[in-house]
Amino acid sequence: MPELPEVETVARGLRQHLVGRTITSVEVYCEGSIATPCPEEFRARLLGQQVRAVDRRGKFIVIGLQDSDLLVHLRMTGQLLVAPADQVCSLRHVRVALTLGDLRLLFNDARKFGRMALVPSAVEWLAALGPEPFDEQVTASTLAARSRNRRLPIKSLLLDQRFVAGVGNIYADEVLHAACIAPGRLACSLSYAEFEALLAALRSELQRAIADRGTTLSDYRDADGQSGRHQQALRVYGREGQPCPRCGRPIVRIRLGGRSSYHCPHCQK
DNA sequence: AACCTCACCTGCGGGC
DNA sequence: TGCCCGCAGGTGAGGT
(Lines give C-alpha, C1' and ligand atoms only; values in the text may rest on other atoms or scores of the structure.)
Protein backbone atom coordinates (compact mmCIF):
# COMPACT_ATOMS: atom_id res chain seq x y z
CA MET A 1 0.00 0.00 0.00
CA PRO A 2 2.44 2.65 1.00
CA GLU A 3 3.83 4.53 -1.95
CA LEU A 4 6.39 7.33 -2.07
CA PRO A 5 4.43 9.94 -0.05
CA GLU A 6 3.57 7.46 2.71
CA VAL A 7 7.11 6.08 2.90
CA GLU A 8 8.48 9.63 2.98
CA THR A 9 6.16 10.49 5.87
CA VAL A 10 7.20 7.38 7.80
CA ALA A 11 10.90 8.11 7.18
CA ARG A 12 10.55 11.67 8.49
CA GLY A 13 8.84 10.46 11.64
CA LEU A 14 11.43 7.76 12.24
CA ARG A 15 14.28 10.21 11.70
CA GLN A 16 12.94 12.45 14.41
CA HIS A 17 12.76 9.62 16.93
CA LEU A 18 15.66 7.35 16.07
CA VAL A 19 18.74 9.25 14.91
CA GLY A 20 21.52 8.98 17.48
CA ARG A 21 19.94 6.06 19.33
CA THR A 22 21.56 2.67 19.77
CA ILE A 23 19.88 -0.70 19.20
CA THR A 24 19.80 -2.53 22.52
CA SER A 25 17.70 -5.54 21.64
CA VAL A 26 16.30 -7.32 18.58
CA GLU A 27 13.32 -9.65 18.54
CA VAL A 28 12.32 -11.54 15.39
CA TYR A 29 8.85 -13.07 15.57
CA CYS A 30 8.54 -13.95 11.90
CA GLU A 31 11.69 -15.18 10.22
CA GLY A 32 10.16 -14.80 6.77
CA SER A 33 10.03 -11.03 7.30
CA ILE A 34 13.84 -10.90 7.18
CA ALA A 35 15.11 -11.04 3.60
CA THR A 36 18.80 -11.11 4.52
CA PRO A 37 20.92 -12.17 6.37
CA CYS A 38 19.68 -15.17 8.40
CA PRO A 39 17.76 -14.18 11.55
CA GLU A 40 20.62 -15.02 13.95
CA GLU A 41 23.06 -12.91 12.00
CA PHE A 42 20.47 -10.16 11.56
CA ARG A 43 20.10 -9.95 15.29
CA ALA A 44 23.81 -10.18 16.08
CA ARG A 45 24.81 -7.52 13.58
CA LEU A 46 22.14 -5.05 14.65
CA LEU A 47 22.91 -5.19 18.37
CA GLY A 48 24.92 -2.19 19.51
CA GLN A 49 24.58 -0.32 16.20
CA GLN A 50 23.81 3.38 16.37
CA VAL A 51 21.28 4.95 13.98
CA ARG A 52 23.14 7.50 11.87
CA ALA A 53 20.35 8.60 9.52
CA VAL A 54 16.91 7.68 8.22
CA ASP A 55 16.17 8.19 4.52
CA ARG A 56 13.87 7.01 1.76
CA ARG A 57 14.72 5.60 -1.66
CA GLY A 58 11.70 4.78 -3.80
CA LYS A 59 9.40 2.84 -1.49
CA PHE A 60 12.28 1.68 0.72
CA ILE A 61 13.02 3.11 4.13
CA VAL A 62 16.75 3.24 4.65
CA ILE A 63 17.95 3.24 8.26
CA GLY A 64 21.62 4.12 8.10
CA LEU A 65 23.74 2.44 10.78
CA GLN A 66 27.45 2.75 11.52
CA ASP A 67 28.69 0.09 9.12
CA SER A 68 25.56 -1.08 7.29
CA ASP A 69 22.05 -0.10 6.24
CA LEU A 70 18.76 -1.55 7.44
CA LEU A 71 16.26 -1.50 4.56
CA VAL A 72 12.53 -1.83 5.13
CA HIS A 73 9.91 -2.34 2.44
CA LEU A 74 6.35 -2.12 3.74
CA ARG A 75 4.71 -3.68 0.65
CA MET A 76 0.94 -3.73 1.19
CA THR A 77 0.23 -3.71 4.91
CA GLY A 78 3.54 -3.07 6.66
CA GLN A 79 3.85 -0.43 9.37
CA LEU A 80 6.91 0.92 11.17
CA LEU A 81 5.79 2.31 14.49
CA VAL A 82 7.69 3.97 17.30
CA ALA A 83 6.41 3.43 20.84
CA PRO A 84 7.76 3.75 24.39
CA ALA A 85 9.67 0.57 25.22
CA ASP A 86 7.64 0.02 28.38
CA GLN A 87 4.26 0.41 26.66
CA VAL A 88 2.11 -2.71 26.41
CA CYS A 89 1.81 -3.58 22.72
CA SER A 90 -1.68 -4.22 21.39
CA LEU A 91 -0.63 -4.73 17.77
CA ARG A 92 -1.64 -8.10 16.36
CA HIS A 93 1.01 -8.62 13.71
CA VAL A 94 4.39 -7.53 15.03
CA ARG A 95 7.03 -9.38 12.97
CA VAL A 96 10.19 -7.68 14.25
CA ALA A 97 10.79 -5.43 17.26
CA LEU A 98 13.94 -3.38 17.85
CA THR A 99 14.54 -1.70 21.17
CA LEU A 100 16.59 1.52 21.18
CA GLY A 101 16.96 2.61 24.80
CA ASP A 102 13.53 3.65 26.02
CA LEU A 103 11.94 3.47 22.53
CA ARG A 104 10.80 0.48 20.55
CA LEU A 105 10.56 0.26 16.76
CA LEU A 106 7.84 -2.18 15.74
CA PHE A 107 7.53 -3.73 12.30
CA ASN A 108 3.85 -4.67 12.14
CA ASP A 109 2.62 -6.40 9.00
CA ALA A 110 -0.65 -8.32 8.72
CA ARG A 111 -0.02 -9.89 5.32
CA LYS A 112 3.67 -10.68 5.84
CA PHE A 113 4.57 -9.25 2.43
CA GLY A 114 6.90 -6.62 3.87
CA ARG A 115 10.62 -7.30 4.35
CA MET A 116 13.60 -6.07 6.31
CA ALA A 117 17.11 -6.47 4.93
CA LEU A 118 20.39 -5.65 6.62
CA VAL A 119 22.92 -4.92 3.89
CA PRO A 120 26.43 -3.44 3.65
CA SER A 121 25.30 -0.64 1.33
CA ALA A 122 21.78 0.53 0.50
CA VAL A 123 23.04 2.35 -2.59
CA GLU A 124 24.43 -0.86 -4.07
CA TRP A 125 21.48 -2.97 -2.96
CA LEU A 126 19.02 -0.56 -4.59
CA ALA A 127 21.07 0.18 -7.69
CA ALA A 128 18.41 -1.21 -10.03
CA LEU A 129 15.80 1.29 -8.84
CA GLY A 130 14.93 4.04 -11.26
CA PRO A 131 15.45 7.72 -10.47
CA GLU A 132 13.53 9.63 -7.83
CA PRO A 133 10.74 11.65 -9.48
CA PHE A 134 12.15 14.86 -7.97
CA ASP A 135 15.65 14.21 -9.34
CA GLU A 136 16.66 17.09 -11.66
CA GLN A 137 17.98 14.55 -14.14
CA VAL A 138 14.43 13.38 -14.75
CA THR A 139 13.03 15.49 -17.57
CA ALA A 140 10.29 15.13 -20.18
CA SER A 141 13.05 14.32 -22.69
CA THR A 142 14.60 11.52 -20.66
CA LEU A 143 11.19 10.00 -19.92
CA ALA A 144 10.25 10.21 -23.60
CA ALA A 145 13.55 8.63 -24.66
CA ARG A 146 13.17 5.77 -22.20
CA SER A 147 9.60 5.11 -23.39
CA ARG A 148 10.39 5.15 -27.08
CA ASN A 149 10.24 1.40 -27.67
CA ARG A 150 7.97 0.47 -24.83
CA ARG A 151 4.75 -1.09 -26.08
CA LEU A 152 3.02 -1.43 -22.74
CA PRO A 153 0.37 0.73 -21.08
CA ILE A 154 1.82 3.93 -19.65
CA LYS A 155 0.32 3.05 -16.30
CA SER A 156 2.21 -0.24 -16.22
CA LEU A 157 5.42 1.64 -16.97
CA LEU A 158 4.74 4.11 -14.15
CA LEU A 159 4.37 1.15 -11.79
CA ASP A 160 7.73 -0.26 -12.91
CA GLN A 161 10.15 0.81 -10.18
CA ARG A 162 13.04 0.80 -12.66
CA PHE A 163 11.35 3.53 -14.69
CA VAL A 164 10.81 5.92 -11.78
CA ALA A 165 10.96 4.89 -8.14
CA GLY A 166 8.07 5.27 -5.75
CA VAL A 167 4.84 5.28 -7.78
CA GLY A 168 2.16 2.72 -6.92
CA ASN A 169 -1.39 2.02 -7.98
CA ILE A 170 -3.08 4.99 -6.32
CA TYR A 171 -0.73 7.73 -7.45
CA ALA A 172 -0.33 6.25 -10.93
CA ASP A 173 -4.08 6.72 -11.43
CA GLU A 174 -4.07 10.19 -9.88
CA VAL A 175 -1.08 11.34 -11.92
CA LEU A 176 -2.55 10.10 -15.21
CA HIS A 177 -5.83 11.84 -14.45
CA ALA A 178 -4.05 15.10 -13.63
CA ALA A 179 -2.10 14.79 -16.90
CA CYS A 180 -5.24 13.92 -18.94
CA ILE A 181 -3.68 10.68 -20.22
CA ALA A 182 -5.62 7.39 -20.42
CA PRO A 183 -3.94 4.61 -18.40
CA GLY A 184 -4.10 2.12 -21.27
CA ARG A 185 -2.23 4.30 -23.77
CA LEU A 186 0.94 2.60 -24.97
CA ALA A 187 3.96 4.37 -23.48
CA CYS A 188 5.55 4.79 -26.90
CA SER A 189 2.47 6.63 -28.18
CA LEU A 190 2.74 9.63 -25.86
CA SER A 191 3.71 12.98 -27.35
CA TYR A 192 6.47 15.15 -25.92
CA ALA A 193 3.82 17.52 -24.54
CA GLU A 194 2.19 14.59 -22.81
CA PHE A 195 5.47 13.61 -21.16
CA GLU A 196 5.80 17.21 -19.97
CA ALA A 197 2.29 17.04 -18.49
CA LEU A 198 3.02 13.63 -17.01
CA LEU A 199 6.19 14.78 -15.24
CA ALA A 200 4.55 17.95 -13.94
CA ALA A 201 1.61 15.91 -12.63
CA LEU A 202 3.91 13.29 -11.12
CA ARG A 203 5.77 15.89 -9.10
CA SER A 204 2.78 17.96 -8.05
CA GLU A 205 0.63 14.97 -7.07
CA LEU A 206 3.38 13.39 -4.99
CA GLN A 207 4.23 16.73 -3.39
CA ARG A 208 0.60 17.37 -2.47
CA ALA A 209 0.30 13.89 -0.99
CA ILE A 210 3.47 14.36 1.07
CA ALA A 211 2.06 17.65 2.38
CA ASP A 212 -1.05 15.70 3.43
CA ARG A 213 1.15 13.07 5.16
CA GLY A 214 0.00 10.36 2.76
CA THR A 215 -3.20 8.50 1.88
CA THR A 216 -4.85 6.18 4.40
CA LEU A 217 -7.37 3.79 2.85
CA SER A 218 -7.01 1.08 5.48
CA ASP A 219 -3.69 0.05 7.00
CA TYR A 220 -1.34 2.94 6.40
CA ARG A 221 -0.08 4.78 9.50
CA ASP A 222 2.93 7.01 10.03
CA ALA A 223 5.68 6.28 12.58
CA ASP A 224 3.50 7.75 15.34
CA GLY A 225 0.47 5.69 14.36
CA GLN A 226 -1.37 8.59 12.72
CA SER A 227 -3.39 8.29 9.49
CA GLY A 228 -2.72 10.39 6.43
CA ARG A 229 -5.33 12.79 5.08
CA HIS A 230 -4.74 12.71 1.32
CA GLN A 231 -7.55 10.18 0.75
CA GLN A 232 -9.99 13.10 0.72
CA ALA A 233 -8.04 14.71 -2.11
CA LEU A 234 -8.07 11.69 -4.43
CA ARG A 235 -9.78 12.51 -7.73
CA VAL A 236 -10.20 9.09 -9.34
CA TYR A 237 -8.78 6.27 -7.25
CA GLY A 238 -11.57 4.23 -5.65
CA ARG A 239 -14.25 6.52 -7.09
CA GLU A 240 -15.95 4.28 -9.65
CA GLY A 241 -19.27 5.78 -10.76
CA GLN A 242 -18.67 9.11 -9.05
CA PRO A 243 -18.37 12.30 -11.11
CA CYS A 244 -14.99 13.29 -12.51
CA PRO A 245 -13.94 16.47 -10.66
CA ARG A 246 -12.94 18.00 -13.99
CA CYS A 247 -15.83 17.16 -16.35
CA GLY A 248 -18.50 15.64 -14.14
CA ARG A 249 -18.83 12.39 -16.05
CA PRO A 250 -18.59 9.08 -14.21
CA ILE A 251 -15.24 7.61 -13.25
CA VAL A 252 -14.73 4.16 -14.75
CA ARG A 253 -12.84 1.22 -13.31
CA ILE A 254 -10.97 -1.11 -15.64
CA ARG A 255 -8.59 -4.01 -15.08
CA LEU A 256 -5.04 -3.29 -16.18
CA GLY A 257 -2.13 -5.59 -15.47
CA GLY A 258 -4.27 -7.41 -12.95
CA ARG A 259 -5.01 -4.29 -10.92
CA SER A 260 -7.91 -1.94 -10.63
CA SER A 261 -7.42 1.23 -12.64
CA TYR A 262 -9.66 4.24 -12.24
CA HIS A 263 -9.91 6.93 -14.87
CA CYS A 264 -12.20 9.35 -16.65
CA PRO A 265 -12.71 8.15 -20.24
CA HIS A 266 -13.96 11.61 -21.25
CA CYS A 267 -11.06 13.80 -20.21
CA GLN A 268 -8.21 11.29 -20.27
CA LYS A 269 -7.16 10.63 -23.86
C1' DA B 1 14.05 -8.99 -24.53
C1' DA B 2 9.66 -7.42 -23.45
C1' DC B 3 5.52 -8.10 -21.52
C1' DC B 4 1.86 -10.46 -18.73
C1' DT B 5 -0.07 -13.31 -15.00
C1' DC B 6 -0.06 -15.10 -10.81
C1' DA B 7 1.50 -16.30 -6.25
C1' DC B 8 2.75 -14.62 -1.95
C1' DC B 9 -0.55 -13.80 2.89
C1' DT B 10 -4.28 -12.20 5.80
C1' DG B 11 -8.34 -9.50 6.69
C1' DC B 12 -12.44 -7.35 5.56
C1' DG B 13 -16.77 -6.12 3.37
C1' DG B 14 -20.65 -7.54 0.54
C1' DG B 15 -23.96 -10.87 -0.92
C1' DC B 16 -26.64 -14.71 0.11
C1' DT C 1 -25.62 -14.55 12.38
C1' DG C 2 -22.43 -16.75 9.54
C1' DC C 3 -20.24 -18.53 5.46
C1' DC C 4 -18.08 -17.83 1.02
C1' DC C 5 -16.24 -15.03 -2.43
C1' DG C 6 -13.70 -11.36 -4.23
C1' DC C 7 -10.73 -7.82 -3.46
C1' DA C 8 -6.74 -5.11 -1.45
C1' DG C 9 -2.10 0.02 -1.93
C1' DG C 10 3.67 -4.29 -4.19
C1' DT C 11 6.88 -7.14 -6.22
C1' DG C 12 9.23 -10.67 -8.67
C1' DA C 13 9.26 -15.52 -10.43
C1' DG C 14 7.91 -17.90 -14.20
C1' DG C 15 5.47 -18.38 -18.57
C1' DT C 16 4.48 -16.71 -23.33
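In the text below, chain A, chain B and the rest are named by the order of the sequence lines, each starting its count at 1. Source: prediction; values computed, not measured.
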To the nearest Å, how far apart are [X] [atom1] and [N] [atom2]?
X      : N      : atom1 : atom2 : result
A:R57  : C:dT11 : CZ    : P     : 13 Å
A:N169 : C:dA8  : CG    : P     : 8 Å
A:R146 : B:dA1  : CZ    : P     : 18 Å
A:E31  : B:dC9  : CD    : C1'   : 17 Å
A:Q79  : B:dC9  : CD    : C1'   : 15 Å
A:L256 : B:dC3  : CG    : P     : 14 Å
A:R150 : B:dC4  : CZ    : P     : 10 Å
A:L91  : B:dT10 : CG    : P     : 17 Å

For [X] and [Y], test the side chains for any donor-to-acceptor distance below 3.5 angstrom and give the result as yes or no.
X      : Y      : answer
A:D67  : A:Q49  : yes
A:Y262 : A:Q242 : no
A:H266 : A:R249 : yes
A:S260 : A:R253 : yes

Select one nucleotide: of [options], the one nearest the side-chain heavy atoms of [X].
X      : options               : value
A:R151 : C:dT11, B:dG11, B:dC3 : B:dC3
A:R111 : B:dC3, C:dG10, C:dA8  : C:dA8
A:H93  : B:dC3, C:dT11, B:dG11 : B:dG11
A:R92  : C:dA8, B:dC4, B:dG11  : B:dG11
A:K112 : C:dC7, B:dC3, B:dC9   : B:dC9
A:Y237 : C:dA8, B:dC3, C:dT11  : C:dA8
A:R75  : C:dT11, C:dC7, B:dC4  : C:dT11

Paired to B:dC9 by Watson-Crick or G-U wobble criteria (both distances under 3.5 Å) is none

When we call it a touch if two heavy atoms are under 4.0 Å apart, what does [X] touch: a base, just sugar-phosphate, or nothing?
X      : result
A:D219 : base
A:E6   : nothing
A:T215 : base
A:G168 : sugar-phosphate
A:R162 : nothing

Has A:Q161 got a side-chain N or O lying under 4.0 Å from the OP1 or OP2 atom of C:dG10?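 No, A:Q161 has no side-chain N/O under 4.0 Å of OP1/OP2 on C:dG10.
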
It should be established whether A:S260 places a side-chain nitrogen or oxygen under 4.0 Å from OP1 or OP2 of nucleotide C:dA8. yes

What interatomic distance, in whole Å, is found between P of C:dG14 and the corresponding atom of B:dC9? 14 Å

Pairwise C1' distance, C:dG6 and B:dC6 [rounded to whole Å]: 16 Å

Quick check: do A:L126 and A:F60 have side-chain heavy atoms less than 4.5 Å from each other? yes

So which one's nearest nucleotide on DNA chain C is more toward 5', A:L159 or A:R255?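 Nearest nucleotide further toward 5': that of A:R255.
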
Is the aromatic ring of A:F113 within stacking range of B:dC8, meaning centres under 5.5 angstrom and planes under 30 degrees? yes

So, taking the atom named CD1 in A:I210 and the one named NE2 in A:H230, what distance separates them when rounded to the nearest 0.5 Å?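 Going from the CD1 atom of A:I210 to the NE2 atom of A:H230 covers 10.0 Å.
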
Around atom CD of A:E124, are there more than 12 heavy atoms from other residues, nucleotides or ligands closer than 6.0 Å? no

